[in-house]
Novice: 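Have a look at the structure that comes next, please.
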Amino acid sequence: MKDFSSLKSLLKSFLKNSKNKELSKPLVAFILVYVASAILAPERFLSIYNQRSLLLQASPWIIMACGEQFAILMGSIDLSAGSVTALSSLVSALVLLETNSLGLAILSGLGVGVLAGLTNGLLISRLKIFSFVTTLAMLVAARGLVLAISGGQTYTNLTAFSKLGGAVAGIPVPFIVAVTFVMLTWVILKKTIIGRYIYAIGGNEEAVRYSGINADNVKTFAFMYAGFAYGITGLIFNGILLAAYPWLAYGGELTAIASCVLGGIQLTGGVGSPIGPAFGGYIMTMITNILVILGFSADLQYIVTGIVLVVASAFLTRGLKYVK
Amino acid sequence: MRGRKIVVGLLLFMLVGMSVWSSGCISGSKTTTGEETQTTEKTLKLYVTMPLGNPYFQVVKEGAEAAVDELRKAGVKVEVKFFNAESDPSKQLSHIEAGISSKVDALIVVPVSDAVAPALKRAMEAGVPVILVDRDVGVQGLKGKKTDYRITAIATDNRKAAQEQAKFFIQYMEKTGKPKPWRIVILNGLPGVYSDSMRRLGIHDVIDPLVEKGDIKIVAEQYTDSTQLEKTYNLAQSVIAATGGKFDGVLAINCLLAIGMIKALKDAGYDPKDYVIVGFDASDDELKLIKSGEEVASVAQAPFLMGYWGVWTAYYYKYKNWKPPSEINTPIAIVTKDNMDEALKLVKSPRPLSEVVPGAPSGT
């Protein structure tokens with residue numbers, strides 16, 4: 001119990017002194033879920049095995065949520081996350097089986113993601129199709145493409161990908177990739193001009209356009225980067241599962257969006273820390289994990305996840321005058 | 001406004017493009033290749049609609065094709081068209097309507113959803129017999145009798161099959177001599193998926209009395225989307241964390257749940273061979289695991305016979321005035337390392353209908 005009391009004081013001082021309010025809230029939510037889980041099942045939840053499993057399980061969702069936030073920060077939405085992940089996983093697996101080159105496989109997986117994102121971006125910015133509609137079309141079409149290419153088949157023998165799913169010094173490689181990607185995302189969103197434009201578009205797109213900035217190009221870039229993230233997610237899944245199968249990450253976009261919300265990214269756009277979605281993704285993974293450990297039935301798991309989402313969101317939006 | 005027109009146009013284009021591309025008639029062998037000498041009275045026109053994009057249904061199709069070949073060899077003029085319904089009820093509806101308007105001799109349908117039930121009824125009312133394959137409609141209850149919707153449903157009885165699975169599991173556990181009470185894990189699909197739920201019930205039919213007797217302790221029973229490997233794998237990891245890997249056996253209601261558990265055990269440094277893992281589906285990936293000894297057994301269904309008997313039922317219905325029973329249960333086989341070839345042969349090669357339906361006609 002010593003650990004918990006020191007955590008508590010740490011938490012209090014953190015909330016008081018923190019200047020970075022947009023990150024401190026998701027962090028607190030993360031710590032609360034973590035501590036609650038640790039209290040409910042100390043031995044089983046805190047075991048080294050389970051903590052490593054959590055790092056491994058959360059990694060793909062962290063990366064996917066990092067991509068998703070590029071759309072949400074602009075006030076858009078990207079529903080294609082799950083399907084593009086599956087397409088990238090499948091294409092890279094096929095390239096690996098065909099050429100036996102891990103490098104080419106990785107490049108093709110990333111390429112598929114970027115291309116899908118570019119398509120999304122161009123349709124939204126040039127043809128002015130709502131992001132919801134564009135990415136919904138991509139969700140359907142990309143999954144259809146996966147089914148058409150694979151014929152519903154599962155591809156195994158992807159042992160070369162195990163480098164992406166292994167561990168370095170006991171830390172799973174997917175988690176190292178995820179942390180690196182979160183840092184890259186933070187740099188782009190917080191330290192570059194294009195990041196500032198993305199936030200600005202979410203805040204007031206009209207103003208951005210009147211000030212002579214090419215918002216269309218910024219949008220296209222943002223969706224491309226999101227697609228890049230889904231490409232990495234697909235590769236990481238291949239690394240973990242050593243198999244590519246057609247229903248990978250089905251419905252994953254909803255987990256990604258929920259992760260962004262839990263991470264303090266407001267759906268209206270313009271607000272949120274780039275690191276928040278990473279905590280959101282981790283929280284989502286922890287909730288599923290602890291409920292299984294506690295032996296909750298499937299229906300209760302859904303209900304509890306829903307309640308946690310509502311409670312956390314209410315906590316995150318406290319202090320706002322109104323939301324839409 | 002021009003923008004909006006483009007948007008609408010593009011969407012329409014995509015919709016049309018996608019449906020043409022995917023719902024297209026997959027293989028239409030139009031008519032028998034003419035054997036001029038043989039003039040036969042017997043003809044059979046069939047429409048088959050099912051999701052074709054997965055290996056399991058490919059085998060259903062192979063079975064149907066095998067029956068068609070046999071009929072053609074016997075001089076019957078068979079016209080058969082296979083449609084890919086994916087899992088889209090609206091596509092399947094259009095296939096059914098097409099069957100009604102071309103007055104086919106029978107519609108062979110793998111229903112993708114209960115939403116197609118009204119269309120099936122329309123077909124039956126229009127005098128087009130409907131033969132369901134792999135699954136039945138109306139699991140949540142339909143108006144009227146099931147035979148208003150189809151003449152028969154040729155499918156695995158999932159509950160019975162899971163009972164067999166659990167019985168085998170218990171026999172095998174006895175043989176290993178592990179001390180009782182056995183600590184077991186049951187891995188389920190989501191509640192609400194009919195076949196998954198039936199398998200869960202079947203397992204409990206057999207296991208529950210032993211739990212009461214104190215021979216078995218269920219240390220974890222969990223649920224997840226059984227079509228997603230990343231979910232079954234994560235679930236298995238959480239189950240291992242919850243139990244510390246201390247269990248003797250696993251009953252999994254489908255292949256991905258078994259595969260996910262075996263992979264999670266291996267990744268956690270356990271040897272799957274120390275556990276008695278019995279799955280369901282006997283997919284190719286599972287067969288590899290059974291061969292290597294990491295999975296003890298899996299239940300194989302008979303998709304080949306479903307397609308095969310579907311076509312024969314259509315033929316007997318038309319020419320032998322046969323009234324099939326409301327349900328025809330296809331056989332299952334428990335596939336183990338030792339019986340693999342025979343077991344698979346049992347469910348993957350032609351067998352006469354009369355083997356499972358006493359009094360069914362045979363031959364042409």
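Lettering follows sequence order; numbering is per chain, from 1. Computed from a predicted model, the values in this text were never measured in an experiment.
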Novice: Only one of A:Y245, A:Y250, A:W247 forms a side chain to side chain donor-acceptor pair (under 3.5 Å) with B:E230, so which one is it?
Specialist: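 Single pass found, and it is A:Y245.
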Novice: Let me know if A:T154 has heavy atoms under 4.5 Å from chain B in its side chain, its backbone, both or neither.
Specialist: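 Side chain only.
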Novice: State, yes or no, whether a side-chain contact exists between A:Y302 and A:T305 at a heavy-atom distance under 4.5 Å.
Specialist: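 When only atoms from C-beta onward are counted, A:T305 and A:Y302 do not touch, as no gap falls below 4.5 Å.
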Novice: Checking side chain to side chain donor-acceptor pair (under 3.5 Å) between A:S125 and each of A:T220, A:N214, A:T134, which is the one that passes?
Specialist: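 Option passing the side chain to side chain donor-acceptor pair (under 3.5 Å) with A:S125: A:T220.
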Novice: Under 4.5 Å, heavy atom to heavy atom: which of residues 232-241 of chain B reach chain A? Give them by number, or say none.
Specialist: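 Counting heavy atoms that sit under 4.5 Å from chain A, the residues of residues 232-241 of chain B involved are B:Y233, B:N234, B:L235, B:Q237, B:S238, B:V239, B:I240, B:A241.
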Novice: Just so I understand: if I count every heavy-atom pair under 4.5 Å between each of B:A264, B:G269, B:A242 and chain A, which residue has the most?
Specialist: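 Among B:A264, B:G269, B:A242, the one with the most close pairs to chain A is B:A242.
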Novice: How about A:Q51: does its CD atom have over 12 heavy atoms from other parts shown lying under 6.0 Å from it?
Specialist: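 Correct, the count exceeds 12.
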Novice: Is the closest side-chain donor-acceptor distance between B:Y56 and B:D134 under 3.5 Å?
Specialist: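 Yes, B:D134 and B:Y56 have a side-chain donor paired with an acceptor closer than 3.5 Å.
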Novice: Considering only heavy atoms, which portion of A:S53 lies under 4.5 Å from any heavy atom of chain B: side chain, backbone, both, or neither?
Specialist: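 Contact with chain B involves both backbone and side-chain atoms of A:S53.
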Novice: Can you check whether A:Y282 and A:Y34 have ring centres sitting under 6.0 Å from each other?
Specialist: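 No; A:Y34 has its ring centre 6.0 Å or more from that of A:Y282.
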Novice: Heavy-atom pairs under 4.5 Å with chain A: which of B:L229, B:T227, B:L256 has the most?
Specialist: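 With the most close heavy-atom pairs to chain A, the winner is B:L229.
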Novice: Examine whether an atom of A:L294 lies under 4.5 Å from a heavy atom of chain B, and if so say whether it belongs to the side chain, the backbone or both; otherwise answer neither.
Specialist: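 Contact with chain B: none, neither part.
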Novice: Hey, are A:R52 and B:D267 close enough for a salt bridge, meaning a charged N less than 4.0 Å from a carboxylate O?
Specialist: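 No, no charged N to carboxylate O under 4.0 Å.
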Novice: Verify whether one side chain among A:N50 and A:N289 offers a donor that lies under 3.5 Å from an acceptor in the other.
Specialist: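 The answer is yes; a qualifying pair exists.
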Novice: Looking only at heavy atoms, which of residues 280-288 of chain B get nearer than 4.5 Å to chain A?
Specialist: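 Counting heavy atoms that sit under 4.5 Å from chain A, the residues of residues 280-288 of chain B involved are B:D285, B:K288.
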Novice: With ring pair (Phe, Tyr, Trp, His ring centres under 6.0 Å) as the test, pick out the partner of A:W61 among A:F237, A:F175, A:F279.
Specialist: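 It is A:F237; the other options fail the test.
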Novice: Examine whether an atom of A:Q301 lies under 4.5 Å from a heavy atom of chain B, and if so say whether it belongs to the side chain, the backbone or both; otherwise answer neither.
Specialist: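 For A:Q301, the side chain is the part near chain B, not the backbone.
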